[in-house]
Number of protein chains: 2
Amino acid sequence: MNDSGGNGEKKRSRRPSAERTAQRDPERTRAAILDAATREFAENGMGGARVDAIAERAGTNKRMLYHYFGDKEQLYLRVLEEAYVGIRTAERALHIGDRSPEEGIGELALFTWRYFLQHPEFLSLLGTENMHRARWLRQSVRLKELHSHLIGELSDVLERGKKQGVFIETADPLHVYLTIASLGYFYLSNQYTLSTIFGRDLIEPTHLNAWERHIVHVTLTSIKR
Amino acid sequence: MNDSGGNGEKKRSRRPSAERTAQRDPERTRAAILDAATREFAENGMGGARVDAIAERAGTNKRMLYHYFGDKEQLYLRVLEEAYVGIRTAERALHIGDRSPEEGIGELALFTWRYFLQHPEFLSLLGTENMHRARWLRQSVRLKELHSHLIGELSDVLERGKKQGVFIETADPLHVYLTIASLGYFYLSNQYTLSTIFGRDLIEPTHLNAWERHIVHVTLTSIKR
DNA sequence: CGAGCCGGTAACTAAACAGTTACTTGATGG
DNA sequence: CCATCAAGTAACTGTTTAGTTACCGGCTCG
């Protein structure tokens, strides 16, 4: 991780005047910038995010930001890539093929909903990127292989379900995933306008639980024979 | 509308030198600004939209924009309000209660999908507003009554379906509407990232038609007994 | 030990931005 | 035919912004 390697613990100076300057830690600074940028881009979008605000949130300054990430656009793309890596990595750990087809799909629906719920910044980043017609994501070279695994595994589960006669023949893996993602994404990312216009606080635990059950119900009834 | 009222049609000058300066038309200028602002805000969000760009798109200048709308925030709220009025007005014309319960719900699903498809700027504005946690929509005084009609009419249709034994007893009007809106919104507003990561062009007519049928199918199977 | 490198700071710059002001033009009514 | 007023123009202002530059200080290795 750290190039200057070895005994990284002994760096602390004993001089009392040095207490404001924390020990140097490139990895931590880099991670802090990425984390701060994730929050800033999620809250304000690519256009609305401020480089100064990111530096301040990270407890550092612009010089370091440009040093580690080049410029605002490259930093944004990094944030977006990391967000995708996050969800796809967690998804793989599910192993939805280890259960019965019905349980596997239900599990994926539950996982997706809960991941969205715990990672509002991911939803927001997707929204921003789509407003810009995937301008930056399209340039990404890292994200070609990442998503095929999901569709492949989902496809296997559906095939098994069809052979067992529990799923309809027309069930399509991409459609099933889009259904699950739609129901989670819209409810959460649009909760503020929806709560306002319909006068119901959608983020309340009661409603949240009801919608979780609804997602699983809708997904399964739409593909069950 | 126009304070100086009366005979607004006879204003045209016959002087040939006046051809570059179009006739004065406050209503048209106002509408042009609102239209230009809708596109600019939809494409760039509240933070990313540029007042100069709006004026240029409208074929006018900032002075007129500030004259008619006050400032950028008030203009943005106006755009948002008009967008909501647009969809809710079109929805009312449907009269989903005039058909059988099943047909009524199917009709609402089809309408919503097609409206979203034809008004991408509406979806984008919702996205922007939600990123800001409905900061401006909450301030709107015009939009309290607008949405209750939809839920009321939907509720009636569901009740009728339950009495006829075609719908399950647990079907909830808000859930049904959220299901329909989710499936349309996510597919369209996230089409760019989805097409990129899954390598399938979702805006192609074949896929569009398949998803339209899917929405109706999912909505109805989720509430049918 | 001291040269140089690396993590980090802060002040700066050129451009872009929202909002304003001084002005022009042309229609209208007395 | 001129005083008035509203529609419209364009240049300006103070502030904010992305990106840069000059500098600091401590660690490490020759």
Side-chain angles (χ1 to χ4, degrees), chain A residues 1-33 36-37 40-41 44-77, chain B residues 1-33 36-37 40-41 44-56 58-76:
Chain A
M1 323 259 165
N2 194 339
D3 277 349
S4 54
N7 46 1
E9 222 66 288
K10 294 208 302 188
K11 287 180 182 175
R12 177 173 298 152
S13 154
R14 277 204 220 102
R15 291 174 63 230
S17 65
E19 61 186 13
R20 224 191 72 87
T21 57
Q23 307 100 298
R24 299 187 176 189
D25 191 339
E27 279 308 311
R28 209 177 57 108
T29 299
R30 200 189 147 90
I33 292 172
E40 176 73 10
F41 282 125
N44 301 101
M46 171 61 187
R50 299 293 162 238
V51 173
D52 289 277
I54 295 171
E56 200 187 327
R57 289 175 105 137
T60 178
N61 56 76
K62 285 195 289 185
R63 178 69 170 73
M64 290 297 95
L65 190 153
Y66 284 99
H67 179 247
Y68 287 122
F69 296 98
D71 63 9
K72 189 185 180 185
E73 301 198 14
Q74 287 177 65
L75 174 58
Y76 169 77
L77 180 55
Chain B
M1 322 264 166
N2 194 340
D3 277 348
S4 55
N7 46 2
E9 221 68 286
K10 294 209 300 189
K11 286 181 183 174
R12 176 172 299 152
S13 155
R14 276 205 218 101
R15 291 175 64 230
S17 66
E19 61 186 13
R20 222 192 75 85
T21 58
Q23 306 97 301
R24 297 185 177 191
D25 191 340
E27 278 309 310
R28 210 177 56 107
T29 299
R30 203 189 144 89
I33 292 171
E40 176 73 10
F41 283 125
N44 301 102
M46 170 62 187
R50 299 293 160 235
V51 173
D52 289 277
I54 294 171
E56 200 187 327
T60 179
N61 55 75
K62 283 195 288 186
R63 178 69 170 75
M64 291 296 97
L65 190 152
Y66 283 99
H67 179 248
Y68 287 123
F69 296 97
D71 63 9
K72 188 184 180 183
E73 301 198 13
Q74 288 178 65
L75 174 59
Y76 169 75

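Within every chain, numbering begins at 1; the chains are lettered A, B, ... in the order of the sequence lines, protein sequences first and strands thereafter.
- If you take CZ of A:Arg63 and P of C:dC12, they are 17 Å apart, rounded to a whole angstrom.
- Checked against side-chain contact (heavy atoms from CB on, under 4.5 Å), B:Glu73 has the following partners two or more places apart in sequence or in another chain: B:Met46, B:Asp71, B:Arg135, B:Trp136.
- For A:Ala53, the side-chain contact (heavy atoms from CB on, under 4.5 Å) partners at least two apart in sequence or on another chain are A:Glu40, A:Arg50.
- The shortest non-hydrogen separation linking A:Ala36 to A:Ile54 is CB-O, 3.5 Å.
- As rounded to whole Å, 19 Å separates atom C1' of D:dT17 from atom OH of A:Tyr76.
- In this structure, CG of A:Asn61 is placed 12 Å from C1' of D:dC24, rounded to the nearest angstrom.
- Taking a 6.0 Å sphere around CD of B:Gln74, one finds it holds more than 12 heavy atoms contributed by other residues, nucleotides or ligands.
- When rounded to the nearest whole Å, the span between CG of B:Leu75 and P of C:dA18 equals 11 Å.
- Going from atom CE of A:Met64 over to atom CG of A:Asn61 covers 6.0 Å, rounded to the nearest 0.5 Å.
- Rounded to whole angstrom, the span from the CD atom of A:Glu27 across to the P atom of C:dC6 amounts to 15 Å.
- Contacts between residues 44-57 of chain A and DNA chain C, defined by a heavy-atom separation below 4.0 Å, involve no residue at all.
- The two residues A:Thr60 and A:Ile33 come nearest to each other via the heavy atoms CG2-CG1, 3.8 Å.
- Taking only side-chain nitrogens and oxygens, A:Thr60 never comes nearer than 4.0 Å to OP1 or OP2 of C:dG7.
- For the OP1/OP2 pair of C:dG7 and a distance below 4.0 Å, the side-chain nitrogens and oxygens of A:Thr29 include no atom meeting the criterion.
- Here A:Arg30 pairs with A:Tyr68, A:Phe69, A:Arg78 under the side-chain contact (heavy atoms from CB on, under 4.5 Å) rule; sequence neighbours left out.
- Near DNA chain D, meaning a heavy atom under 4.0 Å away, the residues from residues 64-74 of chain A are A:Tyr66, A:Asp71, A:Lys72.
- Counting all heavy atoms, side chain and backbone alike, B:Ala32 lies closest to B:Ala58 at O-CB, 3.6 Å.
- We find that NZ of A:Lys62 is positioned 13 Å from P of D:dT16, with the value rounded to whole Å.
- Under the side-chain contact (heavy atoms from CB on, under 4.5 Å) criterion, A:Ala55 pairs with A:Lys62, sequence neighbours left out.
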